[in-house]
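By convention in this document, chain letters (A, B, ...) are assigned in the order of the sequence lines, proteins followed by strands, and residues within each chain are numbered from 1.
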Amino acid sequence: SGSAVSDLEVEMKEVEGHLWHLRYPLTPLAGETAGEHPLDHLVVATTRPETMLGDTAVAVNPSDPRYADLVGQTLTLPLVGRTIPIVADDHVDADFGTGCVKVTPAHDPNDFAIGQRHGLPQITVMAKDGTMNEAAGRFAGLDRFEARQAVVAAMEAEGLLVKTEPHRHSVPFSDRGKVPVEPLLSTQWFVRTEPLAARCRAALEQGEPRFVPERWSKVYRDWLTDIRDWCISRQLWWGHRIPAWFVVSQTGGVITEATPYVVARDEAAARAEAEAAYGAAHAAAGQELVLEQDPDVLDTWFSSGLWPFSTLGWPGEPGGSEPADLARWYPTSVLVTGFDIIFFWVARMTMLAGAFLPEAGPPFGDVYIHGLVRDEHNRKMSKSVGNGIDPLLLIERYGADALRFALVREVAGAGQDIRLDYDRKSDTSGTVEAARNFANKLFNATRFALMNLGGETPASLGAPDPAALQLSDRWILSRLARVNAETAERYNSYALGEAAKGLYEFAWNEVCDWYLELIKRRLQVAADLEGVDREAALADQRTARQVLAKVLSELLLMLHPLLPHLSEELWHGLTGAPVASFLALQPWPEVDIAALDGSLEAAFAELIEAIRVVRNLRAVAGLKPAQPAPVRFITGRAELASLLQAASADITALTRAAEVVVWSPQETAAGGSERALAGVCGELQVLLPIEGLVDLDALRSRLEKDLAKAQKEIHGLAARLANPNFADKAPPAVVAECRANLAEAEAQAQLARQRLAELS
RNA sequence: GGGCGAUUAGCUCAGAGGUAGAGCACUACCUUGACACGGUAGGAGUCACUGGUUCGAUUCCAGUAUCGCCCACCA
């Protein structure tokens, strides 16, 4: 690549390489001849033999007794002939290999550090294009990997190759170039990071920014701790050019290490600054002052790290006040991003923002870290691997809202990654398809409303009269208020998946499955009704319309962040709002606290359960769906009885009941025995007296299932209650609930046994 | 070498200290005036393993195993 790269852009890969053991002869001491000393050489091991051409020392551990007397002596570097010292350095592990390490300060970070400690020269033997340079002597011009083979061959020819071992080790690869990178000395621009990082760490101590999920703050903090200086220059031709101008006329027209420079906003300012500093000297020498801008560009993450200012304006513009957007919007409330760029982007933004606006705190209050979409092999999707999904294919098949909803719905688990069930062969996804089906469901529910609102809108219908509300109205309004409160809380806490699931279930399982079904008969006012009956029916129709309009319009509002296009469209249809007004700009609907009614919701759940039992009995008995059958409920609980009584019209509509009768156990006994389908649900018995049409075996197995379930429950609850510790230590409410459940299960078991006995 | 996730139905995944949930797939029935991209009913799980805390653990804690990710200068 010919450019500097960041450590973050380097990927360590395990590769099968070799460890070459090379012999470096000791330089004979004065008065000795070669071979006279008992130890006339050292053996070093290396994975990159070509770098030996740049060796300037061999290091041993200072406490290694084998080499203690050799420290300070010298070796003759084979192939090159250079005399290099033997130095003692703690970095060397005496137990690895021979305990001797060749030191190449110009081509290895560790060796660089050793070189610094021992004042070793740095000999660069490789060029930026990966070939060996003139310092490599007879190997100059060879590619680095050719040079590796050539050096090994030359050492072997000289009898200095001791052995070659296979060796698995980590090699740094360039993310961009996909080839091993070479550590190389070069002059670059750096940002001193510690003062910036220290400010960020201090802010984090104060909880700024707040990471969601919280665990990512540790990743952020760790990276900002013991941070290295940041190399920000790149030798690429794209990017922001570094605003530094060299006064090349000071150094013979070329840029050297000694060339002075000025840093400024633009060339004119740079020239003014350079004139002030060097103009007089140039004039005295009769020279023209020549500037040359540094050809390097900034690291892309440096540029990206300036995002808050790129978007909102720059603080401290000369002669200007602070930009209006910056004053209004900085810091922003939330940054939404993936964990893979916490270092690259998030930390860079907080560091740079701290440099330019130290008083204002981090550039965003919250950092919401979402999961990544992974492919079917659990790999992160990336451009370079080429395992991404083209969202347009899924959008074309299922719609943009469906894709969005599916992804949001899957991110419930606190930033957990998403493995999308995407089938590459057919470009299909069950998850996205389910979201599409949901969108379709909403579309059809709204269509149903439009067909039944009589041309009115939520606004023209107004709020329903509380006194006119029916049971199902009060139920759905209570549910609406509760779902509203829950959803608001979920959005606020970034529990987006939970919000999506909650709305999905409310819309489908409650609004569509129950409420819409329950009001169908109320929305249709029979044509033959007259007088007060007609008046009452029309009033009730209006109530149903009012509730339906309110529920649906608020549902669309709550769903809007998740299904923006569809909800906007349906809302316009439902409300008749002009094209220029947007659902997106509507305030969040107020929670109707007065509508909340927990006991009503619980009672309604019992009603739903009763209806399910009836439907189940009908299915078990093999009744045709259209065939009416009488329904008898038997319960000793007065409130349940009155609920069922009050809802008998609803039950009739939803179960194809020929008639609905609610009896107490006494009334039942008085009525004598009747052949019937029977089911039990808690303390409720459900009878379908339809002699002759009964599949007795199916009914029996259904009752046996009920009995088994009740018995299992009795077993568990009784065992728990039998434990004396439970009664003593568990909260009284839990114990009471347990007793109640046991009583109910026993009642259920009893009823089931009784019915089974009657069957035989 | 450190750190972090995950392990729940055939598949993809939620969940919560008090008797296990969704979507898809599966079974049966149903073209009912919103919706077959649908409805009704149903089948399906030793919640990875081992200990601990607790009256009670699938849920909390510790360890183990497997999978995955991040960080780290051992030639």
Side-chain angles (χ1 to χ4, degrees), chain A residues 7-8 12 19 44-48 51 59 91-93 95-104 108-113 167 169-170 172 183 215-216 218-219 222-223 339-340 342-343 371-372 374 376 378-380 398 402 406 409-410 412-422 429-431 433-452 497-498 501 504-505 509 512-513 516-517 520 524 612 615-620 622-626 654 656 709 712-713 715-717 720 723-731 733-735 737-738 741 745:
Chain A
D7 285 338
L8 290 178
M12 300 301 286
L19 199 53
V44 298
T46 180
T47 55
R48 293 187 299 153
T51 63
H91 170 259
V92 179
D93 178 357
D95 296 330
F96 185 93
T98 58
C100 301
V101 181
K102 60 188 277 304
V103 182
T104 322
D108 183 278
N110 292 319
D111 292 5
F112 179 83
H167 183 60
H169 63 127
S170 291
R215 63 188 149 91
W216 293 111
K218 189 171 180 294
V219 173
D222 288 353
W223 191 73
F339 63 80
D340 53 334
I342 288 175
F343 308 142
L372 268 37
R374 295 188 175 273
E376 58 272 40
N378 206 25
R379 290 175 310 184
K380 176 177 149 184
Y398 301 115
R409 191 171 177 227
E410 288 295 310
Q416 215 49 51
D417 287 352
I418 303 166
R419 189 152 28 147
L420 197 64
D421 58 343
Y422 180 68
S429 159
T431 304
E433 185 174 328
R436 188 274 315 266
N437 293 350
F438 179 54
N440 186 253
K441 191 76 177 175
L442 290 170
F443 178 89
N444 282 302
T446 306
R447 186 166 71 169
F448 171 79
L450 290 175
M451 289 166 64
N452 286 284
E498 291 289 294
K501 273 179 226 175
Y504 178 99
E505 285 166 15
N509 302 338
C512 290
D513 285 354
L516 291 191
E517 293 304 324
K520 274 178 179 172
Q524 301 299 324
R612 288 215 164 109
R615 285 170 167 173
N616 177 265
L617 281 178
R618 292 179 54 106
V620 162
L623 283 182
K624 290 280 176 225
L654 296 184
R656 289 275 176 168
K709 193 179 157 208
K712 189 183 164 203
E713 206 175 324
H715 183 76
L717 291 168
R720 207 195 298 177
N723 181 349
N725 288 327
F726 177 67
D728 291 348
K729 300 195 180 172
V734 171
V735 178
E737 190 189 336
C738 195
N741 288 344

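When distances run from any side-chain atom of A/His169 to the nucleotides B/A75, B/C73, B/G38, the shortest one goes to B/A75. For A/Arg419, taking side-chain heavy atoms from C-beta onward, the closest of the listed nucleotides B/C55, B/A22, B/U12 is B/U12. Residue A/Ala434 has its side chain nearest to B/G23 when only B/A41, B/G23, B/C73 are considered. Distance from the side chain of A/Arg447 is smallest for B/A34 among the nucleotides B/A34, B/U40, B/C4. Considering only the side chain of A/Leu516, B/A34 comes nearest among B/A75, B/C37, B/A34. Residue A/Asp93 places its side chain closer to B/C74 than to any other of B/C74, B/C69, B/A34. Side chain of A/Arg409, nearest nucleotide from B/G23, B/C69, B/A75: B/G23.
Pairing for B/A75 is absent, with no Watson-Crick or G-U wobble pair whose two atom distances lie under 3.5 Å.
Counting non-hydrogen atoms under 4.0 angstrom, A/Pro724 reaches nothing in the nucleic acid. Using a 4.0 Å heavy-atom distance criterion, A/Cys100 is classed as making no nucleic acid contact.
One can place CZ of A/Phe448 at 6 Å from C1' of B/A34, the figure rounded to the nearest angstrom.
Contact between the side-chain N/O atoms of A/Arg48 and the OP1/OP2 oxygens of B/A75 is not found at any separation under 4.0 Å.
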